[in-house]
Structure formats: C-alpha cells, structure tokens
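In what follows, chains carry the letters A, B, and so on, assigned in the order in which the sequence lines appear, proteins first and then strands, with residues in each chain numbered from 1. Computed from a predicted structure; not experimentally measured.
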Number of protein chains: 4
Amino acid sequence: MPTKKQKQVSAAPPERRRELLATAAEVFAAQGYNATTVRKIADAAGMLAGSLYYHFDSKESMLDEILSTFLDELWAGYDTVLAAGLGPRETIEALVTESFREIDRHRDAVAIYQKESRHLAVQPRFRYLADSQVKFEKAWLGTLERGVAEQAFRADLDVRLTYRFVRDTVWVAASWYRPGGLHSPEEIARQYLSMVLDGIALRR
Amino acid sequence: MPTKKQKQVSAAPPERRRELLATAAEVFAAQGYNATTVRKIADAAGMLAGSLYYHFDSKESMLDEILSTFLDELWAGYDTVLAAGLGPRETIEALVTESFREIDRHRDAVAIYQKESRHLAVQPRFRYLADSQVKFEKAWLGTLERGVAEQAFRADLDVRLTYRFVRDTVWVAASWYRPGGLHSPEEIARQYLSMVLDGIALRR
Amino acid sequence: MPTKKQKQVSAAPPERRRELLATAAEVFAAQGYNATTVRKIADAAGMLAGSLYYHFDSKESMLDEILSTFLDELWAGYDTVLAAGLGPRETIEALVTESFREIDRHRDAVAIYQKESRHLAVQPRFRYLADSQVKFEKAWLGTLERGVAEQAFRADLDVRLTYRFVRDTVWVAASWYRPGGLHSPEEIARQYLSMVLDGIALRR
Amino acid sequence: MPTKKQKQVSAAPPERRRELLATAAEVFAAQGYNATTVRKIADAAGMLAGSLYYHFDSKESMLDEILSTFLDELWAGYDTVLAAGLGPRETIEALVTESFREIDRHRDAVAIYQKESRHLAVQPRFRYLADSQVKFEKAWLGTLERGVAEQAFRADLDVRLTYRFVRDTVWVAASWYRPGGLHSPEEIARQYLSMVLDGIALRR
DNA sequence: TATGAATGAGATTTCATTCAT
DNA sequence: TATGAATGAAATCTCATTCAT
C-alpha cells in the first residue's frame, strides 16, 4: 500500500506555515535574528520577501511562533518528567535527557532562544520567555535542593551556582549539536550526566 | 592575534576612548551587536550619534577594538599558564581560574564574544577570532588529552565532548556573572572546578 | 457624463455586483478611498480579496462605477428640474430638494464624491467629475444670477460666494446624514431652504 | 536699522520643524493624507525621504502635530470669544469671524481636518479630535439654544440642524478659500453672516 | 570635540493584482 | 464563483555614516 504521504485531512493549512517557520528558524539560528533580513528568509524559502507576509504578520511574529512552539513542547516533556514522582537524581537525569531530545528536535529554536531570549524577555510580547525562565528555575533548583536534602547531591556547593552550571552545561550544547551526528541525544545525555554527576577527574 | 589597526586620530586621549568603548561594550552585551544602534551608544555616552565618529571609524571598529583588546589580554594570561609547565590537572585548574578572572575583567566583551563570534569569524576583519578559536581548542583539548594519557582524567569519555563541556560551562558564566557579586572569580572558579572535576553527586 | 465601460464579465448577475458595490461604497465612505484596502472590502463582503477580481477589474473601477452611477442618477433628477421652466426661487428649491433625495439614496457615493472628487478629477478616467462640476456650476450659478436679476435674491451679495454657500451647505450634509433618521430628505430640504432663503435670525 | 530677521534667541530649534510641517500640511491638504507619500513631502521640502525622520518620528506624527497645533490655536481664539460674555447673536458673529481668521491662518490644517478627522478620531492617538468635536458642539449649540431662548434666533427650526448648517457652512469654506484672495477673512465672514442670519432671498 | 542636519542604502511592510485550482 | 498562494512595485522607516559649523 504505497501511501507515501497520507492525506492531510484537517491538518492541511498549517503545513506551509511549518515549512516556512523551519526555514526561518534555520536562518535565524545561523545568522542571528537581527542580522537576518526577511529577504534572506524568503530566498531560502524560494519566494519573494513580500510573499512571507501572506503567511505571517511580521518578522517578529515568526520569531514568536518559533519560540513559543518550542517552549510548549519543552514544557510538555518537562511536565511529564516532573509529574512522574522520581527521586531527585533520577529527575535530573530525566530532565537532562529530555533536554537533549528537545535540542535534537528543535535545534534551531534552542539556538535562537539562547541568543535572543534575554533581551526579548523585556518586551510584553515575549513575556512568556521570562515566565518560562522562572518556572524552569523552580523545577531545576527545586530538584537540586531536594537532592541535597536527601543526600543525593553534595551539600558543600552553592546550590544556585550548581543550578546555573547544570543548566548552561546542557543548553549551550545546542550551539554545536548537529542532529544526525555521531551521537544520539540519549548518548550525549548519558555522557553529560556522567560528567556532571561524577566529574571528569579519574578517581583514585 | 589581532594586528592593531593604526590609531585613527593621532593624539586622541586614550582615556575617553576607553570610556566610550566600555559604554559601547555594555550596550552591545545587553542588546546584541546588530540590535545596537550607534544612537543607543551615543545616548548612553551622553552625546550625539555623529560625535562618536570623531573617536571611531565605525560601529564595527568599536566592536573590533573591544574584542581584540579582550583577546589580547586573555592570551597574555593563558600563555603564562601554558608556559608554566604544570601537570594537566593543574593546567586545567589554572586555565579555568584565569578564565573567570577574564570574565570578571571583561564581562561585556566576553558576552559579546559568546553571542557574536561565530558569525563574525567568517569576515576577514575578524579572522583573528577564528585563529583564536583554533589556538584555544589546541590548548584545552591538548591538555585534556594529556590528562587522559597521564591518568589524571577519565578515559571513558569522548574527549571532544569533554572539551566542549568544560569550555562552554566556564564561558557561559559570563551571561549571568555580575562583577562585585557574592563570589569572587577565584571562588567561583574553585566551585566550578570542583563540580567539573568531581561531579555534583554525593559519593558514598 | 461617464461613458460606461463595457461590462467586464459577460453575464455577471447584476445583483451581486450591486451588493458588492454597495459594500465597497460603504467602506470607501467610512475610511476614505486610499485608506481602504481591497481586503477590507472583501472582508466586509465575506470573501477573499482576490475573489473581488472576478467581479471587477480593479479597485479603481469600483470607485468609478460607484461615482458614475451616482452622477448619472443625479443628473437625471437635475435635468428634469431644469427642464421644468420654473422661476429661480422655485428652481433652487427644487434643486435643493432633489439634492437631499440623492443624498438619501446615495449617501456613501456622495460622501466619497465630497472627499475624493477634487484630486480624482485630474485623471483622464475621472474627467467626467470635472465635467459634471462645470455643468453643476452653470446650473446653480445661472439660476442664482437669474434670481438676482429677477429680484428673487439679494443683489448685495457676491453671487459666487452665494453659490458656494448654497452648494456646500447642501452637500456637506451627506457627512452627517443617516438614511432612515428622524427627518425625511424632504423635511430636511424644507428646513435648509428656510435657513438659506430667510436666515436663522428672528425677524423683528 | 535693517533687521530683516530678528535673531531667534530661544525659539531656534522649532524653526525647521515649522517649515517642514507647513510643507507637509500643504501636500496633505492638496492630495489627502493617505495619498501623500513621505517622498512627496520630502521632494517638496528639497530633501530625501529618509531625512524627514531626523525631524519626525513618522508620517503620522507630522499629521498629529499639524492638527494639534491648529486646534490649540483655534481654541485659544474660541475661548477668548466665549469668555467675553457677549449676547448669542454677537457670539455667533464673533465665532464665525474667528473661524474665518483661523481658516486664513491654517488653511491647510483646516482642509486636512475636514477630510481626515472623522476616521482619525477613532484612533487613541487622535482622541483629542473627538474631544474637540464635543467641546465645539457644546459651544455652538449652546449659543444657538441661548439665542432661541432670548429670541435672537428663530424657534421654528430644529436647533441641531441649525447647528450643523452653520458649522458646515463655515468650515467647508476652507476647501475653496485661498489666502490673499479677493476677500479678507473678515469680509467673507461678514457676507457669510449676512447669509446665515438673514438668508439669501430678497425681502419684500 | 561635539552638534545638527542631512544622505543613501537597505530593511520591513503594504497592497493591488494575478493565477492555478 | 471563490480560494490560497504568490508577485512585484512601492511605501514607510531605520540607521550607519558624513560634513559644515
């Protein structure tokens, strides 16, 4: 039964949008949002700059949709993990693994997020970035604190510093990660977790 | 390393220049290079946009001077460390500590470097960024490999992954570091090293 | 007078055309011709912008048809009045009454005419607006002059000023007139004529 | 003592602005706001389109400044009249005369106001147009009502209709008025008042 | 040294119009 | 008849840069 492409019954309209957003995300990630002209996006999509405005209100709304779509999916994954009732170490392991999966699925969006979220977050339109940031910190920092209390994590470290360490460590990976590379997201997660949890020094 | 452009105006008091560059760096770091208009810099410096051109050739040359000054100093520090003939673990410790000191001294430049160096490096004018990158990798990766060989570091990790892990982990700190905060650069370095080398998990 | 363009699509049901023109006229009148996008018209008509082009050549041709239809009807009425051989005062009364009837029937067209005719008239396509203007002035000014000569109207006024006064006085009414309001066009005409002819001051 | 141009001591900066606004107003009045491109304004001012943005934020802000400046002056004049404690007929006479003086001084702004104020007034930025409208109606309608009560004006007319009649009759004059023409504003006001108050019909 | 005004190139956006389906 | 997608021209606006004073 050679149905290469199942008919998009009701999911028809967003199809083109999604393609265009993927293209835009690629260019944004590669060149930076501000350095990206809509003409570059249109070129990459094989159309004229003005034509993009049939699909989107503005360059900014493309950025908005890219980021919010990513964050929605990220939180779907995180919320599942957080609701699973795991111990602190297992929660951290699951969050890190989930993060690398998201990087794998949304590499461009993550890269954009890394570079732009800080100065975007002050704009009302992008308030949700700041909100997400807060929720994010609550989840990770809370887990780390629980881990210290339950003697899963070291107590001699500034927990806030630890939080930043783990957070940055994971997410900057998006800047060099290439989907379809040598390592699967799970494999990268495994090695990262090993380093983060046990260190890189050889134990004697 | 960056070859310094000839100073543009003969006897421009270096004092004012430095102030203006610091101002520019602050704005670049906060808003991103492309999103920063010369007007914003001028506003922050209390002058009109056109007046900046008495001091600098162009917006790009400000960026250039900020980044090259930073890299010059960074390499002065690194080269001293690398010439000291320390063991691999001690070398890593010294490099990390030196890195946090540079973040302390050049926070804005580091933040700019993080955000912009990738797409700048392709321009001839900023070739030195790519050169530095190569030299940087040689120093760190080499030290890590030496450490594995000398059984200072674990052999079961992908060393390239380890390199990125350590590199990113240290430098992203510039994105949240505030000079004059709770911890001195040395204290932060100490804790970071402890995490990187020994992990955050409690050993039983 | 406007020479009708050939109907663009052979058997386009004139019914739908008329509806669409009424819709277009409404939007033109409310927002101004230039500020009206074809999308706004299409929205108001419950279709997509491109679909309008099945019915009309262009946005301009809609405007053309609205204005020429209105002027055709206006002149049918005026010509009847002018051919009736009335005295000057009675002619003015009849013209004013007829004008308010036209405002009642073509409110939007009149409003558009008021706002746009001056700058449209220079275009060849809209030459008929200028022609109408000339014919209009001839009819009114002539009647007023005849009235002065026959001692129906005051001789101490600049007749040109009087002409403008009467003309404007009547037609601006389209800007506030709402069909189906308190007063019938005939009643408004009566009161306007009373003011124009006898003034608003109480006679002692 | 040939002082052609007194030195503009403190009023220096707005000089250029005022010139440019006058130019813009001229073009807006002639072609309509929407049909006027900033390029046309710039051409008329002998500069490039982009250069206008050194002086103004946007095309809209030029319009805003033109209209608000006009209304400020108008109300200064009206308020003086209204505060003078005149009888109703004398108040109407003074308001009409003042109106023609404003038309003389701000012909372009008045023409723009006539054409654009209705659809602008719905925008928050131009709320003051609606406010002014209300205040305007209060002043004129109030005076007319007082005049009816004090038997200065006819009681057999719909006063609201009378208000519109007088209001429109005066202000549309801006559409044909040319400063420096045959009649001074005062002379036009005199004849208009004569028509409005006593009618154009010859009394027997 | 700095200002005020402008340039000119290019960016984003708008919109009437077209056209295959 | 209408839709969905696009074109292409032009409009508004931005901004690094220049320059006379």
Which atom of A29(C) lies closest to which atom of D108(C), heavy atoms considered:
CB-OD1, 3.6 Å

Between A44(D) and T23(D), what is the shortest heavy-atom contact and its length?
CB-CG2, 3.5 Å

DNA chain E in dot-bracket form (Watson-Crick or G-U pairs under 3.5 Å, [ ] crossing, | inter-strand) is .||||||||||||||||||||

Ignoring backbone atoms, test whether Y54(D) places a side-chain nitrogen or oxygen under 4.0 Å from the OP1 or OP2 oxygen of dA5(E).
yes

OP1 or OP2 of dG4(E) sitting under 4.0 Å from any side-chain N/O of H55(D)?
no

Protein-nucleotide distance ([X], atom [atom1]; [N], atom [atom2]), rounded to Å:
X: E15(B); N: dT1(E); atom1: CD; atom2: P; result: 11 Å
X: F56(C); N: dC15(E); atom1: CZ; atom2: P; result: 20 Å
X: R18(A); N: dA5(F); atom1: CZ; atom2: P; result: 13 Å
X: L48(A); N: dT14(E); atom1: CG; atom2: C1'; result: 14 Å

Both M47(B) and G46(D) contact DNA chain E. Taking the nearest nucleotide for each, which residue is further toward the 5' end?
M47(B)

Could I get the full list of salt bridge (Lys or Arg N to Asp or Glu O under 4.0 Å) partners for D43(B), not counting sequence neighbours?
R39(B)

Would you please name every residue forming a salt bridge (Lys or Arg N to Asp or Glu O under 4.0 Å) with E65(A), sequence neighbours left out?
R17(A)

Side-chain contact, heavy-atom cut-off 4.5 Å: F56(B) with L20(B)?
yes

Go through the structure and list residues passing side chain to side chain donor-acceptor pair (under 3.5 Å) with R127(C), not counting sequence neighbours.
D131(C)

By side chain to side chain donor-acceptor pair (under 3.5 Å), E26(A) pairs with (sequence neighbours left out) none

Flag this pair as yes if the NZ/CZ of K115(A) is under 6.0 angstrom from the six-membered ring centre of F28(A) and inside a 45 degree cone about the axis; otherwise no.
no

Base-contact (B) and sugar-phosphate-only (S) positions in nucleotides 16-21 of chain E, heavy-atom cut-off under 4.0 Å, - elsewhere
SBB---

Expressed in whole Å, how much space separates the C1' atoms belonging to dT21(F) and dT1(E)?
12 Å

